[in-house]
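Quick note on labels: first sequence line is chain A, next is B, and so on, each numbered from 1.
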Amino acid sequence: MALIDFFKKIEPDKKKSPFLHTLYDGFFTFAYTPDTVTSGKGVHIRDGMDLKRTMVFVVLAMQFCYLFGTFNIGHQHFVALGQHTGLLEGFHLKLVHGLIKLLPIFVVTHVVGLGIEFWYAARKGHAIEEGFLVSGALIPLIMPPDLPLWILAISVAFAVIVGKEAFGGTGMNILNIALLCRVFVFFAYPTEISGDQVWVSAVADGVANYGWWHTTVFNGFFESIGWSTFQPGSPVVDAFTGATPLGLAAAGGWEAVTDVYTTSQMWWGTIPGSIGESSKPLILVGVFILLSTGIASWRIMVSMFIGGAVMAMLLNIWGANPFMEVPWYYQFYMGSFLFAMAFMATDPVTAASTNRGKWVYGFFIGFVGMIIRVLNPAYPEGWMLAILFMNVFAPLIDHYVLQANISKRLKRA
Amino acid sequence: MEFFNIFIKAAFIENLVLAYFLGMCSYLAVSKTVQTAFGLGLAVIFVLGITMPINWMINEYLLSENGLLGMDLTFLRFILFIAVIASMVQLVELVVEKFSPSLYNSLGIFLPLITVNCAILGGSLFMVSREYNFSESVAFGLGGGFGWFLAIIALAAIREKIRYSAVPPALRGLGMAFILTGLMGMAFMSLMGIDPQALGDLTH
């Protein structure tokens with residue numbers, strides 16, 4: 001009881017300092033479910049308390065991707081340098097390097113995104129809408145590790161203001177916020193987020209370049225306890241290209257991919273890529289959490305898989321270039337299909353909300369995404385754009401599902 | 001195959017609204033409900049699909065130097081194209097008024113205004129500058145019209161949905177429609193860059 005007394009004591013006055021009250025309210029509802037209910041007189045529809053609990057599960061489902069992503073940033077970096085190439089060798093270095101790369105991205109995303117969210121909530125006099133908890137957890141996972149932070153800040157601000165607040169806040173947006181953020185970077189600063197050079201961190205000029213945290217703080221610490229340290233200026237190995245499996249497949253088909261990566265590497269995710277999307281088994285753990293709690297729609301996941309598989313099989317039959325000839329089941333080993341399926345397509349706000357609509361919606365994401373990936377030479381991967389594309393059509397799908405239902409009922413009557 | 005390629009390209013890859021931002025006035029004004037947007041979309045498909053081949057014939061047999069008159073009359077292109085479009089729109093108007101008075105009333109001034117819908121004149125001018133032949137111009141007309149139709153009903157469905165959203169008062173209505181069009185344009189960039197012709201050339 002001591003905690004709740006403390007909370008009651010520090011509650012700021014809502015009229016005098018709306019911003020502080022919003023902040024207070026956000027943290028209070030993290031700790032407690034308020035017992036205040038809607039009175040007979042007023043309506044407070046925009047109550048995000050249960051929403052918050054739902055969203056925490058989605059964030060939990062992503063944690064494995066975070067853990068692995070942190071490790072993989074470091075692992076890819078050291079594989080490129082030819083040092084500590086074994087999975088567990090130099091584990092402390094990989095972890096530290098991953099944290100140095102990931103934490104600033106995470107912090108900037110949340111400071112910018114939540115800051116805007118708090119400001120709008122205080123302005124409107126609402127409770128904080130927790131939509132950004134999930135978007136903010138997703139955004140770092142879909143960015144390359146070396147993304148300049150100012151670009152990240154601009155794109156998060158764009159996504160939150162134009163993509164969400166203009167529509168009236170959480171639950172009202174049409175396009176997926178995290179994907180809108182990424183697509184903004186993708187079109188506005190294409191060199192930062194595509195090509196072969198951006199997926200492995202801190203090796204941009206062919207040598208390892210470290211900052212103050214690496215060389216001073218952690219090297220000093222590791223030296224003092226006698227562990228291996230970061231070696232600034234060490235060159236990358238000759239065979240290093242930094243290409244992702246999809247980049248290789250676009251150039252030379254499945255054989256070109258297996259020359260560099262084994263299928264088990266692609267399955268477990270020790271390959272270059274965006275921070276959180278590479279490890280398939282850990283995403284499947286997230287899928288399990290989402291499905292068993294009933295938060296994500298299995299209809300979308302299944303139909304998206306079917307759509308992708310059907311298109312990949314059609315491309316197999318067409319088979320006009322090496323990329324099309326990649327066996328359809330191997331298409332799912334490469335790129336971010338699983339991550340997009342688990343966390344992006346199932347976003348309940350932007351997906352179709354009728355059950356039959358979900359089948360159509362998911363199927364076309366899979367279908368269009370595979371078309372973009374294989375047939376569109378301009379983009380290496382298709383799921384981001386395919387999901388945005390179908391987000392645009394989701395209200396239309398819902399509209400026609402509803403109309404069909406209405407006319408069926410009318411006939412029955 | 002060529003017909004199909006140009007249809008796909010005009011409908012999805014180089015969508016008249018979302019890639020060229022043509023035909024915006026009726027696109028923004030009539031997209032409040034799906035039903036009227038559907039009607040206007042069909043009218044635009046019809047007008048584009050009919051005027052494109054007619055304009056092609058006029059351009060080829062009447063205006064060009066080796067046409068019937070043997071003179072280079074291409075400076076008359078705009079006025080003749082518009083005349084064809086205007087007469088087709090009159091036809092559509094008569095048909096719609098006869099068979100669906102409710103749609104006729106809800107479309108209001110925007111039905112005759114298809115005449116000055118820049119997507120339609122723009123389509124005809126694209127046809128000339130890209131040197132399409134007759135069947136290609138039919139494909140381009142139908143594809144462009146279908147793309148426009150798809151864009152307007154998608155926007156209308158979204159606008160029906162956000163009617164229940166707490167959009168800031170200053171952005172309600174047209175402001176939101178502009179933002180939505182921009183965001184939709186971003187989503188439609190997904191297919192930009194695919195060249196169906198180059199894909200068609202890939203043989204076994």
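- A heavy-atom distance below 4.5 Å is not found between the side chains of B/Leu142 and B/Phe146.
- We find that B/Arg130 and B/Glu14 are joined by a salt bridge, their nearest charged nitrogen and carboxylate oxygen being less than 4.0 Å apart.
- If you measure heavy-atom distances from A/Tyr400 to chain B, the contacts under 4.5 Å come from the side chain alone.
- With a 4.5 angstrom heavy-atom cutoff, B/Leu183 touches chain A via backbone and side-chain atoms both.
- At a 4.5 Å heavy-atom cutoff, the contact between B/Leu171 and chain A is made by side-chain atoms alone.
- For A/Phe158, the part lying under 4.5 angstrom from a heavy atom of chain B is the side chain only.
- Heavy atoms of A/Glu165 lying under 4.5 Å from chain B belong exclusively to its backbone.
- A/Leu179 does not touch chain B: none of its heavy atoms, backbone or side chain, sits under 4.5 Å away.
- A donor-acceptor pair shorter than 3.5 Å can be found between the side chains of A/Glu381 and A/Trp383.
- By the 6.0 Å contact criterion, CZ on B/Arg172 is enclosed, its count of non-hydrogen atoms from other residues, nucleotides or ligands being greater than 12.
- If you measure heavy-atom distances from B/Leu180 to chain A, the contacts under 4.5 Å come from the side chain alone.
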### Message
What verdict does the side chain to side chain contact (heavy atoms under 4.5 Å, CB included) test give for A/Arg373 and A/Gln331, after you've listed the backbone C-alpha separation in whole Å, the side-chain angles of each residue and the deciding distance to 0.1 Å?
### Response
CA-CA 10 Å; A/Arg373 174 194 277 193; A/Gln331 289 281 6; 2.9 Å; yes

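- The number of heavy-atom neighbours closer than 6.0 Å to CD of A/Gln403, taken from other residues, nucleotides and ligands shown, is above 12.
- Interface residue A/Ile174: only side-chain heavy atoms are found under 4.5 Å from chain B.
- Ring centroids of B/Phe126 and B/Tyr132 are separated by 6.0 Å or more, keeping the two rings apart.
- For A/Phe187, the part lying under 4.5 angstrom from a heavy atom of chain B is the side chain only.
- Of the atoms belonging to B/Ile158, heavy atoms from both backbone and side chain fall under 4.5 Å from chain A.
- In this structure, chain B has a heavy atom under 4.5 Å from the side chain of A/Tyr379, while its backbone stays farther away.
- The part of B/Met176 that comes within reach of chain A is its side chain, from C-beta onward, which places non-hydrogen atoms under 4.5 angstrom from that chain.
- The choice from A/Leu388, A/Leu385, A/Asn376 that makes the most heavy-atom pairs within less than 4.5 Å of chain B is A/Asn376.
- Taking the side chain as every heavy atom from C-beta outward, A/Phe167 and B/Pro168 never approach each other to under 4.5 Å.
- Under the 3.5 Å distance criterion, with hydrogens and angles disregarded, no donor-acceptor pair is assigned to the side chains of B/Asn105 and B/Ser102.
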